[in-house]
Amino acid sequence: MENFTDEEEAISVDEEGFPSLQLPSEKDGSIEVAEDSFASDFYRCGTDWSCLVETTDKSSENHSHHHHQKKLKQTNLFQMWGFNKVEDTNVDSTSALRSPNEANAIYNTKKKNNSKRPMLGSIHQNDKENHNAPRLGPAMNPRIGDSKRRACPFYKKIPGTTFTVDAFRYGLIEGCSSYFLSHFHYDHYGGLSKGWSHGPIYCSPITARLVRMCLLVNPSFIRPLELDIEYVIEGVKVVLLEANHCPGATLILFHLADGRCYLHTGDFRASKMMQSHPLLANQHINVLYLDTTYCNPKYKFPSKEDVLEFVVKISRNYIKNQPKTLIVVGAYSIGKECVYLAISKALGVKIYANASRRRVLHSFGWSELSGGLCSRGEDTPLHVLPISSLRHETLKKYSETYKRQYTAVLAFRPTGWTYSETTGNQLDLIKPNSRGNITIYGVPYSEHSSFLELREFVQFLKADKIIPTVNIGTSANRDKMQSYFQNWLRLKDS
DNA sequence: GCGATCAGCT
DNA sequence: CACAGCTGATCGC
């Protein structure tokens, strides 16, 4: 995922998504720092971004620099970049006029699968970066000139190339001739639709199929790349690697002609397998664009295998005690298939999913999964439902349909993580939410790296520079993450 | 009228 | 908390 949640001080940026440089021009009034020199300075520096302060600007960081060093490093840096508090005079004037959204969605029984919605109900309509971070101000959400369109943020652009990653919601990006898509989740493909015409889209074969099937993008723009194969695109060697996230998700490795090497993780869950991958094992990485979703020590969760084992164990127990139990697994779009597949295999039952979901699941070309699907809910006690319907009321209503066959409902909500200080790694401490004959388990089946997995990956890769791509909405978060990276690499080296 | 985008919410 | 959206309202065309 990629989102910004916290508030951010208002910051100004240029049209490239780089923070705008508004240096006090005491020399001659003209700012001579060209955009690319700024960009290259940015990318040249290591994980210690503060080196930019010294090399580029000395005037704006003179006072109180020495005592609060740690705290002010990035603050000063961002100040240097023009990340100053500025008045947000450019507020979208129309937004103030909009009537407040009453959001009174009590019970909407209207059916919604009849329209041309691409896949599991409606899948492309909203935009997380937009609404979760509108107060980022123009910072990471820059707008181009007066228009309402945001500019592509700098960390989605691969320096030294004409490539961007997961940057479809910015219209035509100047200087971008190839658009990479790391995986098929809304917050990454947002902006892609039938009318896309801004350039070729490079992605894995599975993602390519989904882009065509679900978004109806013109196939002439879709360029599937096999995993683990080196392609040369505009003089840059590119390889997609398995990301261990959702089906079709990839890491993207860029080998520039000048020898520089960049790795973009998209969304991923770091694993030991990645460390033995021949293309990563002995590869010096200059810049790592890192999925930092759980880059905080409070996020400790078990391996996928442990969670699957737990889910299977619970399912078996329920069936044993209550043979007439309907098992429901929640899922949104793609991802977490293993949860219901594991139950299906353990209990020897088929998996029911609605037609649109089946279409998507079949498109993976994963025969084990395809073979386990069935199209009639009456034929199996294992159902996949949208995660939004995993609530007591909804499940109760749903089970009414099958009341002849089932007297109880056991539901699993693989929420990525279920936070509980005490639970931690110990799955057995997970308490289900039960009401009547409906039981809902939240299980920490994550498709992002845990804090420790992230640390291990970073220490393995030893990239010169790390650019986090998630939770970067506040300078406090950015500072915190950079200091983790520094510690991880310092302790490892010395 | 349609697709895209918005705020609010989970 | 924050996963990866969902929903209804509104905007631009």
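Proteins get letters first, then strands, A, B, ... in listed order; numbering begins at 1 in each. From a predicted model like this one, the values you see are computed outputs, not experimental measurements.
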task = Please check the phosphate of C/dA4 (OP1 and OP2 only) for any side-chain N or O of A/H448 closer than 4.0 Å.
result = yes

message = According to ring-ring contact (aromatic ring centres under 6.0 Å, His included), who are the partners of A/Y398, at least two apart in sequence or on a separate chain?
response = A/H383, A/Y402

ask   = Are any of A/H245's side-chain N or O atoms less than 4.0 Å away from OP1 or OP2 of C/dA4?
value = yes

ask   = Under a 4.0 Å N-O cut-off, is there an ion pair linking A/R169 with A/D187?
value = no

Nucleotide of B/dA4, C/dG5, C/dA2 approaching A/Y332 most closely (side-chain heavy atoms) = C/dG5

task = Quickly work out the A/N471 CG to C/dA2 C1' distance and round it to whole Å.
result = 8 Å

key: Atom pair distance, as rounded to whole Å: NZ in A/K194 and P in B/dC2   = 11 Å

task = Specify the separation, in whole Å, of atom CZ of A/F268 and atom P of C/dC3.
result = 15 Å

ask   = Looking at the side chain of A/K298, which of B/dA4, C/dA4, C/dC1 is the nearest nucleotide?
value = C/dC1

key: Any A/S388 side-chain N or O less than 4.0 Å from OP1/OP2 of C/dT7   = no

Residues in salt bridge (charged side-chain N to carboxylate O under 4.0 Å, His left out) contact with A/K431, at least two apart in sequence or another chain = none

task = Write down the distance between CD1 (A/I440) and P (B/dT10), rounded to a whole number of angstrom.
result = 15 Å

ask   = Looking at the side chain of A/Y299, which of C/dG5, C/dC1, C/dC3 is the nearest nucleotide?
value = C/dC1

message = Distance check needed: B/dA4 P versus A/F168 CZ, whole Å only.
response = 15 Å

task = Specify the separation, in whole Å, of atom CG of A/L216 and atom P of B/dC2.
result = 16 Å

Any A/T415 side-chain nitrogen or oxygen under 4.0 Å from OP1 or OP2 of C/dC3 = no

key: Donor-acceptor under 3.5 Å (A/S399 side chain, A/L395 main chain)   = yes

message = Between C1' on C/dA4 and OH on A/Y294, what's the gap in Å once rounded to a whole number?
response = 10 Å

Expected output: side-chain A/S363 to main-chain A/V360 donor-acceptor under 3.5 Å = yes

request  = Starting from P on C/dA4, measure out to CG on A/D291 and report it in whole angstrom.
outcome  = 8 Å

